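Chain letters run A, B, ... following the sequence lines, proteins first and then strands; every chain starts at 1. Because the structure is a prediction, the values reported are computed rather than measured.
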Number of protein chains: 2
Amino acid sequence: MIPRAAKTQRRTRIQEEKEEKILEAALDVFSAYGFRGATIDQIADAAGMSKPNLLYYFRTKEAIHRTLLDRMLFTWLEPLRAFDPEGNPESEIRSYIRRKLEMSRDFPRESRLFANEIIQGAPHIEDELRGPLRELVDEKAQVIRAWIKAGKIARCDPYHLIFSIWSTTQHYADFDVQVQAVLGDKSGEGRFEDAARFLETLFLRGLQVEKPGA
Amino acid sequence: MIPRAAKTQRRTRIQEEKEEKILEAALDVFSAYGFRGATIDQIADAAGMSKPNLLYYFRTKEAIHRTLLDRMLFTWLEPLRAFDPEGNPESEIRSYIRRKLEMSRDFPRESRLFANEIIQGAPHIEDELRGPLRELVDEKAQVIRAWIKAGKIARCDPYHLIFSIWSTTQHYADFDVQVQAVLGDKSGEGRFEDAARFLETLFLRGLQVEKPGA
DNA sequence: CGATAAATTGACCGATTGGTAAAAGCTTAC
DNA sequence: GTAAGCTTTTACCAATCGGTCAATTTATCG
């Protein structure tokens with residue numbers, strides 16, 4: 001009857017497939033319209049099934065949204081988790097920027113899902129922001145502070161540094177229409193490398209990571 | 001009968017007031033939920049009037065949205081228009097950052113209205129993006145390019161420079177919940193100065209505007 | 001004042017919203 | 001096979017959606 005708690009406790013092949021198909025369709029719709037702007041009918045259409053059938057797998061619209069957000073939040077934080085206190089600042093920052101930029105390129109819908117949620121006040125994930133997210137950022141801010149004290153990078157506010165890396169990289173996913181409107185619609189690979197080069201240069205120079213010269 | 005085309009051609013005091021009140025309320029609602037997520041009832045409630053009364057002043061939900069977006073787009077571009085080719089790069093960039101940051105502080109709802117629209121594919125303003133916006137950006141990109149050629153700032157892609165200033169500054173309005181979740185909810189003035197100092201330093205150092213020393 | 005136009009309202013419309021009930025169709029294990 | 005449980009569908013629900021209409025109230029002007 002209820003798929004998520006079937007008597008056998010073991011998920012059917014069909015369950016696995018259909019749930020994935022629903023989440024895939026829902027990602028399209030939620031990322032394009034936000035939670036309130038999205039409708040179950042739209043998601044069901046995109047998933048190629050009837051509305052009651054969809055609601056057989058996820059009991060409410062919110063349940064679908066939650067599942068997507070939970071998945072998203074985890075992978076969204078991966079690059080920051082990979083930030084290594086033992087590594088050298090230049091390459092750590094460089095690869096953090098690159099990873100975030102790759103996520104914008106490879107998972108733009110996930111990025112927009114997240115952006116929609118935050119812009120609209122994060123009503124579904126405020127706890128996660130104030131809990132796990134904040135803790136992780138605090139931890140990495142300490143790492144940056146240590147680098148500053150050791151004279152490895154220029155003095156700066158580590159929190160705003162993290163914010164600026166988030167915003168600049170996510171911009172290419174969330175504001176893609178605007179970027180395309182300004183740059184023209186030529187395909188993406190060259191654009192990606194341009195952005196990567198620009199941001200790496202900006203941040204590394206801005207933090208004076210490179211040897212003092214001239 | 002129809003207020004926007006009254007026989008007298010002259011707008012009543014009441015029209016002026018009510019339309020402003022509606023737009024004010026609509027800004028709240030649209031910026032919080034996006035176009036599709038917002039409802040006329042919600043806006044009417046927030047404006048303290050009945051739905052038919054609201055529709056007496058704006059014939060459709062889209063008309064309200066359009067009016068807000070048109071107003072917004074104009075003021076949103078003001079700081080970029082003020083970018084002066086004759087000025088010196090350091091102070092121009094510095095004041096551009098500051099102006100954009102002030103807009104995020106003083107008009108966060110307008111910023112979120114715009115962000116919602118762009119994230120959701122800019123269905124209502126794509127023409128404006130490809131037209132006026134693009135032209136203005138092209139023009140200012142030329143200014144930056146000239147500064148580079150004159151050796152006044154470091155070589156970099158001017159478009160991505162503009163994007164990065166947009167994204168970093170708007171971040172404080174659009175992703176405010178996240179910023180507050182990470183930094184704690186202490187009041188804003190100190191935060192604003194911190195952000196301004198960080199961004200100015202990042203960009204000016206990143207562009208090597210300051211005299212080569214050490 | 002009275003008259004004319006502007007402003008506001010309650011009642012209502014068809015379409016769409018998120019979600020349910022129940023029965024029919026389909027798989028799977030025995 | 002057949003029975004049990006999983007999946008899907010049809011029909012439906014109350015609430016809400018954007019928007020209209022006619023009637024009423026209020027403001028304005030001579």
message: Please determine whether a side-chain nitrogen of the Lys or Arg among Arg66(A) and Glu62(A) lies less than 4.0 Å from a carboxylate oxygen of the Asp or Glu.
response: no
query: Can you list every pair that meets ring-ring contact (aromatic ring centres under 6.0 Å, His included) and has a residue in residues 123-143 of chain A, with sequence neighbours left out?
result: Phe35(A)-His124(A), His65(A)-His124(A)
- line: Taken to the nearest whole Å, CG/Leu54(B) to P/dA7(C) is 14 Å
query: Which heavy-atom pair separates Asp174(B) from Ala115(B) by the least distance, and what is that distance?
result: OD2-CB, 3.6 Å
query: Within 45° of the ring axis of Phe74(A) and under 6.0 Å from its six-membered ring centre, is that where the NZ or CZ of Arg81(A) lies?
result: yes
message: Set out, in order, the CA-CA distance, both residues' side-chain angles and the distance that settles salt bridge (charged side-chain N to carboxylate O under 4.0 Å, His left out) for Arg109(B) and Glu24(B), then state yes or no.
response: CA-CA 10 Å; Arg109(B) 292 175 307 169; Glu24(B) 169 69 20; 2.9 Å; yes
message: What is the separation between atom CD on Glu17(B) and atom C1' on dT28(D), rounded to the nearest whole Å?
response: 15 Å
- request: Would you kindly give the NZ-to-P distance between Lys21(A) and dT8(D), to the nearest whole Å?
  value: 10 Å
Spacing of Arg59(B) atom CZ relative to dC21(D) atom C1', expressed in whole Å: 16 Å
task: Round to a whole Å and report the spacing from NZ of Lys61(B) to P of dT20(D).
output: 14 Å
- request: Ignoring backbone atoms, establish whether Tyr56(A) has a side-chain N or O less than 4.0 Å from OP1 or OP2 of dT8(D).
  value: no
Length of the CZ-P vector between Phe58(A) and dG18(C), whole Å: 16 Å
- prompt: Does Gln15(B) have a side-chain nitrogen or oxygen under 4.0 Å from the phosphate oxygens OP1 or OP2 of dA6(C)?
  reply: no
query: If every non-hydrogen atom of Ala196(B) is compared with every non-hydrogen atom of Arg98(B), which pair is closest and at what distance?
result: CB-NH2, 3.5 Å
- prompt: With nearest nucleotides of DNA chain D determined for Glu62(B) and Lys18(A) from heavy-atom distances, which residue corresponds to the more 5′ nucleotide?
  reply: Lys18(A)
- request: Output the residues of residues 29-53 of chain B in contact with DNA chain C, where contact means a heavy atom of the residue under 4.0 Å from an atom of the strand; sort by number or write none.
  value: Ser50(B), Pro52(B), Asn53(B)
